[in-house]
Amino acid sequence: MWTSPVLTGALQRGFAYDPNTGMASAPWNVSTSIPVGADWPPGGYLVKLTSSTKDESYVPFTVRDDLAVGHLLIVHSVATWQAYNPWGGCSFYTCSRVRHRGRAVKVSFDRPYTRIWNHGSADYLDHDYPLARLVEEAGYDARYITDIDLDRKS
């Protein structure tokens, strides 16, 4: 759908870690923006990041059409993805030994998904993509939303 020009990377500052809550956040500067146009169909997308050394990582995102009506609603569970995301040392369920605590009691959306989890795609490649492919190949009219969007619209 879109290819960026070659971008020069910049070293981002470190991340913040709160030992009281176990929360890690990455208050980084924006490197680029993706111009999502009206010609992009609603659905789940992956941005593939490739470094000059050929290292790769993904960033999942959802394009939605709030006015569309469909037979099925596919919900991308980004809140669940962040709950299980151990980037920075802790998730809601566990912490690395370095953090010396059982789990985080607070997590941030201001951080990437860890690369060890499907190269940064979280559960998208394991769960969301196979479901969307099945639904769309069967010809169902599906719409897409995140669990956060669904909660805000309830």
Test question: given the 4.5 Å side-chain rule for I, L, V, M, F, W and Y, name all other residues clustered with [X], or answer none.
{"X": "L11", "value": "none"}
{"X": "L134", "value": "none"}
{"X": "I116", "value": "none"}
{"X": "W117", "value": "L46, Y58, V78, W81, Y84, F92, Y93, V107, F109, Y113, Y124, L125, Y129, I148"}

Looking only at non-hydrogen atoms, find the nearest pair between [X] and [Y] and report the distance.
{"X": "P35", "Y": "S33", "result": "CD-O, 3.6 Å"}
{"X": "G120", "Y": "S57", "result": "CA-OG, 4.2 Å"}
{"X": "Y144", "Y": "V63", "result": "CB-O, 4.1 Å"}
{"X": "G88", "Y": "Y17", "result": "O-CD1, 4.1 Å"}
{"X": "H119", "Y": "E56", "result": "ND1-O, 4.0 Å"}
{"X": "K106", "Y": "M23", "result": "O-CB, 3.2 Å"}

Got a sec, which residues hit salt bridge (Lys or Arg N to Asp or Glu O under 4.0 Å) with [X], two or more places apart in sequence or on another chain?
{"X": "E136", "answer": "none"}
{"X": "R97", "answer": "none"}
{"X": "R143", "answer": "D141"}
{"X": "D110", "answer": "none"}

task = Kindly state each residue pair satisfying salt bridge (charged side-chain N to carboxylate O under 4.0 Å, His left out) with at least one member in residues 115-130, sequence neighbours excluded.
result =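 Passing the test, one end in residues 115-130: no pairs.
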| request: Could you name each residue pair satisfying salt bridge (charged side-chain N to carboxylate O under 4.0 Å, His left out) that touches residues 59-83, not counting sequence neighbours? | output: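 Matches after skipping sequence neighbours: R64-D66, R64-D149, D66-K153.
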Could you tell me if the side chain of Q12 sits less than 4.5 Å from the side chain of S31, heavy atoms only?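 Yes - at least one pair of side-chain heavy atoms lies under 4.5 Å apart.
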Please answer whether the main-chain N or O of [Y] pairs with a side-chain N or O of [X] as donor and acceptor at a distance below 3.5 Å.
{"X": "R13", "Y": "N29", "answer": "no"}
{"X": "D147", "Y": "V75", "answer": "no"}
{"X": "R99", "Y": "T94", "answer": "no"}

key: Any residue meeting side chain to side chain contact (heavy atoms under 4.5 Å, CB included) with A16, in chain and number order, not counting sequence neighbours   =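 Applying side chain to side chain contact (heavy atoms under 4.5 Å, CB included) to A16 gives S25.
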Assigning hydrophobic clusters by single linkage (Ile, Leu, Val, Met, Phe, Trp, Tyr; side-chain heavy-atom cutoff under 4.5 Å), is [X] placed with [Y]?
{"X": "I145", "Y": "V135", "answer": "no"}
{"X": "W2", "Y": "L49", "answer": "yes"}
{"X": "I74", "Y": "L150", "answer": "no"}
{"X": "M1", "Y": "V47", "answer": "yes"}

Output the distance between atom CD1 (I34) and atom OG1 (T3), rounded to the nearest 0.5 Å.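 Spacing of CD1 (I34) from OG1 (T3) equals 10.5 Å.
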Item to complete: Assess whether side chain to side chain contact (heavy atoms under 4.5 Å, CB included) is satisfied between F15 and R111, documenting all intermediate values.
Response: CA-CA 9 Å; F15 65 95; R111 63 186 179 146; over 6 Å; no
Neighbour count >12 (heavy atoms, 6.0 Å) for atom CZ, F61: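 Above 12, so yes.
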Residue pairs meeting disulfide bond (SG atoms under 2.5 Å apart), one or both in residues 46-110, sequence neighbours left out, come to C90-C95
